[in-house]
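Here is the structure we will look at, set down as structure tokens.
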Number of protein chains: 2
Amino acid sequence: MVNKEIQEERMRSYFIDSAKEILKGEGLKNISVRNIAERAGYSYATLYNYFKDVKDLIFECVKDFQDECTTLVQKDSKKAEQGFQKIKVITQSYMKYFVQYPGIFELFYIEKTNEIAGKKQPTVEMIYSFLDRLCEEEWNYLTENNLITIDEKELMSSSLRYTVLGILILYLTRKHPANYKEFLKISEIQINNILKIK
Amino acid sequence: MVNKEIQEERMRSYFIDSAKEILKGEGLKNISVRNIAERAGYSYATLYNYFKDVKDLIFECVKDFQDECTTLVQKDSKKAEQGFQKIKVITQSYMKYFVQYPGIFELFYIEKTNEIAGKKQPTVEMIYSFLDRLCEEEWNYLTENNLITIDEKELMSSSLRYTVLGILILYLTRKHPANYKEFLKISEIQINNILKIK
DNA sequence: TAATATAATTAACACTGTTAATATTTCCAA
DNA sequence: TTGGAAATATTAACAGTGTTAATTATATTA
């Protein structure tokens with residue numbers, strides 16, 4: 001009985017891992033059911049024995065990617081000074097991750113909700129608040145030590161959320177600015193401005 | 001000789017108008033060559049006598065939509081007080097347009113560049129700087145009258161650009177915030193904060 | 001080992017964009 | 001006005017897409 005579940009979960013992971021590889025490499029545009037199944041070593045129809053549809057499968061990848069991104073961010077920001085400086089480093093690391101994997105950015109913020117996550121509304125919230133969660137500890141530090149008010153925290157964190165998204169969108173889908181160096185520069189200017197650094 | 005050109009341009013407009021209707025209604029996801037052609041009253045293959053491919057056609061719509069949006073914005077902001085207030089009204093009107101036509105937002109900011117505009121790089125720039133162009137006169141007014149410096153103008157206009165995009169993305173693709181009223185509220189807060197209004 | 005339940009596969013359907021071959025219409029000179 | 005050439009429109013076809021039904025192969029159990 002429990003063997004069934006182990007085997008089934010293993011089968012699911014074959015397809016999920018395959019989908020993740022494609023998303024990281026070619027992105028959402030080049031993913032297909034036949035594509036995923038071939039890489040997993042099965043026929044395309046077999047996939048439907050383990051997933052309701054391809055959206056269901058792709059959505060499974062979101063959590064894995066968030067975990068991966070979180071690990072990277074924590075590693076990058078470990079040594080940063082607590083407070084605004086750490087929030088800045090976290091944000092930059094977060095942006096770096098999506099620049100490295102534009103396909104994951106598409107999946108997180110571009111693909112229409114209902115097309116990746118049927119009824120699972122909680123997961124939409126999960127995506128929306130991702131950056132906020134990464135910075136949560138630091139925001140709490142700042143308010144608990146009366147370095148900023150709750151209102152200021154609210155305004156800053158939302159400004160950061162929107163601005164970061166806007167910069168990423170223009171860079172990844174409109175190639176603006178034209179190169180990565182310039183992208184890093186404008187990102188830092190915007191982050192500094194929002195967090196009132198320097 | 002000149003009749004040929006008139007007729008050809010007319011044929012193109014049939015397909016373009018048809019595509020525009022679909023984009024406004026159902027959005028990019030539901031558009032198709034057969035779809036467009038049927039609405040225009042022609043066979044799908046006829047479209048290829050007037051457009052290189054479907055991207056070429058869809059891209060033609062961008063300019064038209066920008067003109068339409070510009071007209072709306074000018075109408076909405078006509079009576080606004082010159083300077084920051086007018087920039088605020090322009091921005092809000094601009095956002096309103098995309099909320100009304102999410103398909104046009106997709107076309108402008110979400111669909112990958114190379115998938116809508118072959119080699120026409122200028123048009124990418126055209127999309128990127130759209131909001132800036134709408135506000136250009138007001139920014140110039142503010143700098144020319146020494147109400148802000150060139151550097152302040154640069155920071156403010158870019159902050160506005162990124163923030164507005166981020167808000168629209170989350171609202172249109174992630175349904176956050178959940179309702180239009182809340183969307184208007186957070187938009188105003190962000191705009192006020194960037195333009196230092198109130 | 002035989003019968004049954006489970007899982008994987010192929011075939012098929014309705015879509016997509018695009019191109020080549022075919023059919024139709026338009027145009028102009030004889 | 002008619003015949004033939006040029007222009008234009010249409011159908012057929014190809015290679016894709018996601019998904020489902022029918023079929024085949026495998027594993028489980030009596």
Round to the nearest Å and state the distance from [X] atom [atom1] to [N] atom [atom2].
| X | N | atom1 | atom2 | value |
| --- | --- | --- | --- | --- |
| B:Tyr14 | D:dA9 | OH | P | 11 Å |
| B:Ile31 | C:dC15 | CD1 | P | 17 Å |
| B:Ile22 | C:dT16 | CD1 | P | 10 Å |
| A:Glu9 | C:dA7 | CD | P | 14 Å |
| B:Arg34 | D:dT11 | CZ | C1' | 11 Å |
| A:Asp53 | C:dA14 | CG | P | 20 Å |
| B:Lys52 | C:dT18 | NZ | P | 8 Å |
| B:Phe15 | D:dA9 | CZ | C1' | 10 Å |

### Message
Would you say that A:Leu147 contacts A:Tyr141 through its side chain, given a criterion of any heavy-atom pair below 4.5 Å between the two side chains?
### Response
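Sidechains of A:Tyr141 and A:Leu147: in contact.
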
### Task
Compare all side-chain heavy atoms of A:Asp76 with those of A:Tyr94 and state whether any distance is below 4.5 angstrom.
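The answer is no; the side chains never approach within 4.5 Å.
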
### Query
For B:Ile186, which residues count as a side chain to side chain contact (heavy atoms under 4.5 Å, CB included) partner, sequence neighbours excluded?
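Expected list: A:Tyr162, B:Ile167, B:Pro177.
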
### Query
So, for A:Phe105 and A:Tyr101, is the gap between ring centers shorter than 6.0 Å?
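No, too far apart.
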
#### Entry: Given D:dT19, D:dT17, C:dA8, the nucleotide with the shortest approach to the side chain of A:Ser32
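Looking only at heavy atoms from C-beta outward on A:Ser32, the closest nucleotide is D:dT17.
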
### Task
Consider only side-chain N and O atoms of B:Gln190 and A:Ser158, and report whether a donor and an acceptor are under 3.5 Å apart.
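Short answer, yes.
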
### Task
Mind running a 4.0 Å heavy-atom check of residues 35-50 of chain B against DNA chain D and sending the residues that fall below it, in number order?
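Of all residues in residues 35-50 of chain B, the ones placing a heavy atom under 4.0 Å from DNA chain D are B:Tyr42, B:Ser43, B:Tyr44, B:Ala45, B:Thr46, B:Asn49, B:Tyr50.
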
### Message
Tell me whether the rings of A:Phe108 and A:Phe65 are parallel (<30°), tilted (30 to 60°) or perpendicular (>60°).
### Response
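A:Phe108 and A:Phe65: tilted rings.
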
